[in-house]
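A quick write-up on the structure given underneath.
Bear in mind the structure is a predicted one, so any value in this text is a computation, not a measurement. Residue numbers start at 1 and run along the sequence shown. Only this structure's heavy atoms are used, side chains among them; waters, hydrogens and symmetry mates stay out.
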Amino acid sequence: MRRPALLLVLPLLITVGCAPTDAGPAVGSSDPPQRSAAFDRRAAEVAEAWRPDATWRSGYVPLQGPTVLVGDPRFTPDTEAAFRAGWYREQVPIPPTRVGGEIRFPDGRLTVPLVNAAEAYRQLDQGDPEPCPGRPKRPGVPSPGGPTVEPGPDGWATSAPRTACLALTVTGVTFGAVPVHTSRGEAQVPAWLFTIEELATPVARLAVASTAVTPVPEPAAPPRPLPDGLAAAQDLAEVDGAALTVRLGVGACDIGITPLVWEGPDAVVVGGGVTRSTGVCPDVLKLEPVTVTLTAPLGARPVLDVFTGGPLSIAAR
């Protein structure tokens with residue numbers, strides 16, 4: 001879900017309890033007491049309002065996008081631009097192989113319908129970059145000039161950034177499984193793994209058919225704005241056991257950015273505290289990563305944003 005642009009600051013991570021007396025903020029002492037108290041009250045309301053239906057615990061609710069990198073791809077500026085834009089060119093046949101599969105959750109397994117490799121590639125490939133005269137379609141391959149990338153099935157991607165002109169080269173495809181953050185914890189999800197000549201790791205496209213994917217529930221935040229000095233969380237950058245890295249939305253001139261977290265047995269609420277600039281400042285949203293450590297590994301607990309009350313997803317890399 002896109003956060004409103006007017007939010008210039010985000011609250012940092014906080015732990016959610018069933019009641020305010022059962023938990024407390026796991027943050028530094030430098031945060032003003034009144035700001036922490038305001039965050040705690042809001043976090044308790046967010047946790048209390050979180051009431052997903054049964055599919056949250058029984059179905060497949062992914063909390064990250066369908067394209068996954070497993071490992072460090074060793075991006076260059078050009079290859080990262082191509083990855084984010086979805087520019088690919090296949091150099092091997094991609095067969096319409098159909099396979100069955102299941103998702104392996106920490107609490108059980110779920111058999112799901114899958115898409116074949118050819119359909120997964122069609123979902124992955126978002127077209128080709130515009131031609132760039134004199135630039136190679138692959139790094140290190142000289143070009144005498146003129147357009148260097150052929151039009152793909154979707155035509156030229158005219159709205160894409162003009163700083164790169166190459167498409168990623170697919171040289172192989174295999175079937176496997178990749179770790180995915182879901183409503184039931186980290187699951188092993190069936191995926192088609194595309195070997196990319198220019199990257200150090202395959203690009204995985206999740207193979208679960210859309211009919212088996214349950215959408216994230218609508219948030220149920222308190223119907224009022226955040227108290228002054230609190231900021232909202234935009235997404236999760238990383239989950240590593242009990243350590244969470246969250247990106248907060250803050251103003252370009254905000255200072256004193258402090259992570260806040262409220263932890264409970266069924267959910268974690270996160271946000272941040274900030275000190276706003278009193279001078280003239282550009283009206284620009286800046287994403288500020290912060291890391292907090294919970295008292296216990298996150299497991300299957302959702303991480304909720306203190307502003308919207310909705311669960312945070314893993315940011316696309």
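With contacts defined as side-chain heavy-atom distances shorter than 4.5 Å, the pair W192/Y121 does not qualify. Looking at S277 and I255, their side chains never come closer than 4.5 Å, going by heavy atoms from C-beta outward. Within the 4.5 Å cutoff, the side chain of T211 has heavy atoms near those of the P113 side chain. Between E186 and P106 the shortest side-chain heavy-atom distance does not fall below 4.5 Å. The shortest side-chain heavy-atom distance between V203 and Y88 falls under the 4.5 Å cut-off. Between T201 and P73 the shortest side-chain heavy-atom distance falls below 4.5 Å.
In terms of modelled atom types and a separation under 3.5 Å, the side chain of R57 and the main chain of A54 share no donor-acceptor contact. Here the side chain of E198 pairs a donor or acceptor atom with the backbone of T169 at under 3.5 angstrom. Under the 3.5 Å distance criterion, the side-chain polar atoms of T195 are left unmatched by any main-chain donor or acceptor of T171. Put simply, the side chain of R35 gets close to the backbone of V274: a donor and an acceptor are under 3.5 Å apart. Judged by distance alone, with hydrogens and angles left aside, the side-chain atoms of D305 form no donor-acceptor pair with the main-chain N or O of G310 at under 3.5 Å. With hydrogens and angles disregarded, a donor-acceptor distance shorter than 3.5 Å links the side chain of Q64 to the backbone of H181. In this structure, the side chain of R184 engages the main chain of S58 through a donor-acceptor pair within 3.5 Å. Panel note: side chain R51, backbone E48; a donor-acceptor pair is recorded below 3.5 Å.
Here the shortest heavy-atom pairing between D254 and G251 reads OD2-N, 2.6 Å. Here the closest non-hydrogen pair linking P311 and P217 is CD-O, 4.4 Å. Shown here for P95 and V173, the closest heavy-atom pair between the two residues is CD-CG1, 4.5 Å. Smallest separation of non-hydrogen atoms from V46 and G309: CG1-CA, 3.7 Å. Of all heavy-atom pairs between A187 and T182, the closest is CB-CG2, 3.9 Å. Of all heavy-atom pairs spanning L304 and A267, the tightest one is CD1-CB, 4.0 Å.
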Check your understanding: Step by step, would you call T76 with D78 a side-chain hydrogen bond (donor to acceptor under 3.5 Å, both in side chains)?
Key -> CA-CA 5 Å; T76 66; D78 278 359; 5.7 Å; no

Practice item. Kindly determine whether V216 and V61 satisfy side-chain contact (heavy atoms from CB on, under 4.5 Å), including the steps that lead there. Key: CA-CA 6 Å; V216 175; V61 186; 4.1 Å; yes

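With sequence neighbours left out, Y60 forms a side chain to side chain donor-acceptor pair (under 3.5 Å) with no residue at all. For E238, there are no salt bridge (charged side-chain N to carboxylate O under 4.0 Å, His left out) partners, not counting sequence neighbours.
No single ILVMFWY cluster, assembled from side-chain heavy atoms under 4.5 Å apart, contains both V68 and V115.
Separating the CG atom in L298 from the CG atom in L236 is a distance of 8.0 Å, to the nearest 0.5 Å. Note: L69 CG to F75 CZ = 5.0 Å, rounded to the nearest 0.5 Å. Atom CD of residue E119 and atom CG of residue L114 lie 12.5 Å apart, to the nearest 0.5 angstrom. Put simply, CG on L244 and CG on L294 are 4.5 Å apart, with the number rounded to the nearest 0.5 Å. Within the model, atoms CG of D53 and OG1 of T214 stand 8.0 Å from one another, a figure rounded to the nearest 0.5 Å. Residue D128 holds its CG atom at 11.0 Å from CG of L166, rounded to the nearest 0.5 Å.
Between R84 and E80 there is a salt bridge, since at least one side-chain N of the basic residue sits less than 4.0 Å from a carboxylate O of the acidic one. Using a cutoff of 4.0 Å between basic side-chain nitrogens and carboxylate oxygens, E45 and R42 are not scored as salt-bridged. Note on D228 versus R276: salt bridge recorded, some NZ/NE/NH1/NH2 to OD/OE distance being below 4.0 Å.
Paired with V306 under the rule side-chain contact (heavy atoms from CB on, under 4.5 Å), one option of D40, L226, V270, L230 passes, and it is L226.
Between W56 and W50, the two ring planes are perpendicular [angle over 60°; tilted spans 30° to 60°].
At most 12 non-hydrogen atoms from other residues, nucleotides or ligands lie less than 6.0 angstrom from CZ of R74.
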